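One structure is given here, and the rest of the page talks about it.
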There are 4 protein chains.
Amino acid sequence: MSHTAAELEQAVREIAEEMRERPDRGAVADYIPELATVDPRRFGIAVIDTQGRVATGGDADAPFSIQSISKVFTLTLALGMVGDRLWRRVGREPSGSPFNSIVQLERERGIPRNPFINAGAIAVTDVILSGHQPREALGEILRFLQFLAQDSSIVIDEAVAASEQRTGFRNAALANYMKSFGVLDNPVVYTLGVYFHHCAIAMSCRQLATAGQFLAHAGRNPVTGHTVISAERARRINAIMLTCGHYDGSGDFAYRVGLPGKSGVGGGILAVAPGRASIAVWSPGLDAAGNSHLGRIALETLTRRMGWSIFGV
Amino acid sequence: MSHTAAELEQAVREIAEEMRERPDRGAVADYIPELATVDPRRFGIAVIDTQGRVATGGDADAPFSIQSISKVFTLTLALGMVGDRLWRRVGREPSGSPFNSIVQLERERGIPRNPFINAGAIAVTDVILSGHQPREALGEILRFLQFLAQDSSIVIDEAVAASEQRTGFRNAALANYMKSFGVLDNPVVYTLGVYFHHCAIAMSCRQLATAGQFLAHAGRNPVTGHTVISAERARRINAIMLTCGHYDGSGDFAYRVGLPGKSGVGGGILAVAPGRASIAVWSPGLDAAGNSHLGRIALETLTRRMGWSIFGV
Amino acid sequence: MSHTAAELEQAVREIAEEMRERPDRGAVADYIPELATVDPRRFGIAVIDTQGRVATGGDADAPFSIQSISKVFTLTLALGMVGDRLWRRVGREPSGSPFNSIVQLERERGIPRNPFINAGAIAVTDVILSGHQPREALGEILRFLQFLAQDSSIVIDEAVAASEQRTGFRNAALANYMKSFGVLDNPVVYTLGVYFHHCAIAMSCRQLATAGQFLAHAGRNPVTGHTVISAERARRINAIMLTCGHYDGSGDFAYRVGLPGKSGVGGGILAVAPGRASIAVWSPGLDAAGNSHLGRIALETLTRRMGWSIFGV
Amino acid sequence: MSHTAAELEQAVREIAEEMRERPDRGAVADYIPELATVDPRRFGIAVIDTQGRVATGGDADAPFSIQSISKVFTLTLALGMVGDRLWRRVGREPSGSPFNSIVQLERERGIPRNPFINAGAIAVTDVILSGHQPREALGEILRFLQFLAQDSSIVIDEAVAASEQRTGFRNAALANYMKSFGVLDNPVVYTLGVYFHHCAIAMSCRQLATAGQFLAHAGRNPVTGHTVISAERARRINAIMLTCGHYDGSGDFAYRVGLPGKSGVGGGILAVAPGRASIAVWSPGLDAAGNSHLGRIALETLTRRMGWSIFGV
């Protein structure tokens, strides 16, 4: 189903207006102290279609903490570095558990279920770190995002990184636990340092949607013509986003929205309509599963309106 | 991506030829004694596209025990009967556990994770049974499949049903466990009787692919014009098939094949390429997660060749 | 530490008086409907020492549903029938879980942790049943208790048995689950029938304390001179009572009371002071772990007062 | 049952001889590299009775790494410091899990099941540490053991402490996990440092048996006359040793040996025969549950021979 630029712009504008007014906004994450200060009334959306047309609404240019959305990009980087050997360290099945559960690690001898739960993303970060200094690895991740978003102004929010480093005991438990099974190669403190920092990258909806274009278009940015990864790898990353991208709410997101997507506890969601558009939304209030409450509703509305569900018209 | 009838026919034929020869065939399910007698060399495939063109290969007309594939149709029926109230009895998240796990039921007070694990399908069966005699409920399920497949010769394999009824202690445990939490309304023995019998329905690939057409085409059979369910409900059932249709191998199936699908331990898989085709494959040997080994490989090959992945070209 | 008959009688009388008055009485079990009707103000106690002197207080002659206390006697019977081969079917470790948990069964392939959680007692019942009709097995259990208590008037409360048989879905789940792993030999419905009935035996504190004497005195009733089991086996059953006799409150019971004991959800507790006394208490109100609230307090008081803890003076 | 000095000496001597010859010796712990170098042929035993008579056999004066046996003494210290408030941080129920399991911590919000599993002992260590520097806390623990053993030559084996500090990722996971729930007050690295060091204290069987006398004699060393704790507290610590002292083999130890005891992965066991004796054995080879294989057998033989079981003659 194709659309005109005007149709997309109107849909995005109306969704942004509706979302700014809604009284139900979820609860801002409080377990990273620095994130708890964000205003729950913020809402932003940016959509970029195949022709590179950009439709935005609300706070589309306000930077926010991308948090777990960075896991999509570290997965992409790590697959580029070690290919399918990555799957020796991490699975690709939904976990059926909250994002920071440690139970499954005990049952499955330290191998995390997928690259999008915390344990899995820490294992992926460890792969990127191998052979490098933490600073170099982090620089590589940041430059990759700047390249994808075509914006060298993207930075790490050091206050958020420091806040999580001070309080991220659950992640330290996950990392030490995997280390005890030999799943991590690097010193735990290094791997965690890189992990906390790449989760603390700040981006706007516009930047995120730009960065995600290659996933919507067979691994290639259709505007710049840059090929980031193969078409097959793009499909596969999308598949993992669909089955695992929203922690223990992944099934519900697929059921309601019908697009591959990855959420972060900063309230952002990057969603991919294959062959159609790259979409980023942001609203800081979260639902019980830790996903942006209004972000999900906005995507559900947009997908239905544009007929973009991957599960049928 | 459109295709000619010749292209599809050739793809199906070549896949069937390749699959008949492969030495790696998985292991035939042995926990239902009656299923253990099936010849592992069988392979069948049937594909029906939007225009109603049918391409078949191998044993496309041999009936086999559809087992858990029946859960797609009982879910469809139950949603038609009670609508979204169904979700009070069963979730729609991947389980992260084998198909017959009872652990999650204890943690989540008897509510199964999704309608495609055994516990969930038993709960769905209980909804269909309510207000009816077991025989009536079973008749309704069978007639629904005969209608969808346009073939009134479809029957229940009583030997398989009896075999499972004699040995299905794990399912009896699941049912009694849910009953202890009040999740089932009917006597356990009735609900299990209907469940074992609808899993024992025998169908061929051709019949299954015909029956699945409404899921590929917005809830409607494009050939007969019959509307079975709304377009939105078809999308949603597809979403659940994608995230939960292959037990603890659902993530891997999405990653490799990229289509919504539902497997059964009889070796069948029903897969849906939205807007393109309804597909059924059958090969009795299973992989470690209990899904048809060659069936999955055949679907992976077909999807790549036809460009049918829902995750991008 | 020896005592005079007068000292023991006074202690028991004062404890009974104190317990009748206390306002905190726990909650009467409601998951077996028939038990929910018992008056929470009841309290009974009976103590029989080495010389056979009996001290009683309160409702010491009122019969109550012994429920899980019967598991001590079925364990004794089964060990007499098959000896240490019993331990192929059931472990002897504390479970760290509530009495009716099914999680551990999944992890440990259907082998219950110990003979005093429900699953374990069902497995023990199945051993007693083997080679017999349910009616015969049940008769044997009942006659064993009548013999131990020297009272042929002891009967099964059929209303309680029927009540549990109608509502015991959780136990049916456990039994079917074990059956699926081959841990039970007999038809599930037979084993459960015997299990529900022996749990429904009604006894008074006086009868129970009499029946428990062999455990306090090296396997032998010191009054009648009857040897029931060897001294070593008596020690071992006491050890299992200590570590597993109060479900997930066993550690706390050992910590507070310091005697081997077995509780039932009818509110009874049988406790053993090795070399000193056999003790039965009854108060229907239960604590959070399903053990008699005042029964435990009465035993704690008695043990401290008489210096009977097995863990030191 | 009283005994002569000669009877006890002969029993101990014969047990030591038998144990030195046995071919079945278990496997020396290898997960702390420094412990893996210990000779599996070592065996020592020391028994001190009420009169202070000491019977020894084998390598009774060879120091070994006491490992988890230190948990008995840190529990005693912590109870002396904060009394029953300790039980807000740690439970006293058997865990039903291996010594280093993290699953239960997730289910029970960071509160370890008992003070003798690793997580519980780390929480107890954190209590002792509070308000002190790690060096001071460690000094206090060491001096307490020197005082109890009446031997100021007892030291920490720094090589073992360093070895565990380098490799103790599982314990670091447990500590961070508890910290994430607020169960630990001090910096994780401090608490772990003290924990690893007190586990690395080296003592001989003679020193350990001396140190344990207060537990066998109502909180008081009957030879020196020093009162360490109240009689009630001694009973209670014995109760916890009985139900939780051998990890997931506690039930079996109670069943076979019938004494409160605490094992360490260094191969030592401290056992308490209330009112009779304090006993220490050492043999480095472990069984599947991580407890000294020959140590348990030696204690079983000694207890049976001397009639010391707390569960009856």
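Since the structure is predicted, the reported quantities are computational estimates derived from the model, not experimental observations. Naming: A, B, ... by sequence-line order, numbering from 1 per chain.
- Ranked by heavy-atom pairs under 4.5 Å with chain A, the list B:Cys244, B:Pro274, B:Ala273, B:Ala239 is led by B:Ala239.
- Put simply, of B:Ala218, B:Gly249, B:Ala216, the one with the most heavy-atom pairs under 4.5 Å next to chain A is B:Gly249.
- Comment: A:Glu300 does not engage B:Arg235 in a salt bridge, judged by the lack of any side-chain N to carboxylate O separation of less than 4.0 angstrom.
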Trace of the ring-ring contact (aromatic ring centres under 6.0 Å, His included) decision for A:His226 with A:Phe147: CA-CA 10 Å; A:His226 288 129; A:Phe147 159 73; 5.2 Å; yes
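- The choice from A:Gly91, A:Ser250, A:Ala234, A:Ala231 that makes the most heavy-atom pairs within less than 4.5 Å of chain B is A:Ser250.
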Verdict with reasoning, A:Tyr177 to A:Val183, per side-chain contact (heavy atoms from CB on, under 4.5 Å): CA-CA 9 Å; A:Tyr177 202 73; A:Val183 173; over 6 Å; no
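- Looking at A:Arg113, only its side chain comes within 4.5 Å of chain B, counting heavy atoms on both sides.
- Of the atoms belonging to B:Ile240, it is side-chain heavy atoms, and not backbone ones, that fall under 4.5 Å from chain A.
- Side-chain N/O atoms of B:His246 and B:Asp252 include no donor and acceptor closer than 3.5 Å.
- The side-chain tip of B:Lys262 points at the ring of B:Tyr247 from less than 6.0 angstrom away and within 45° of straight on.
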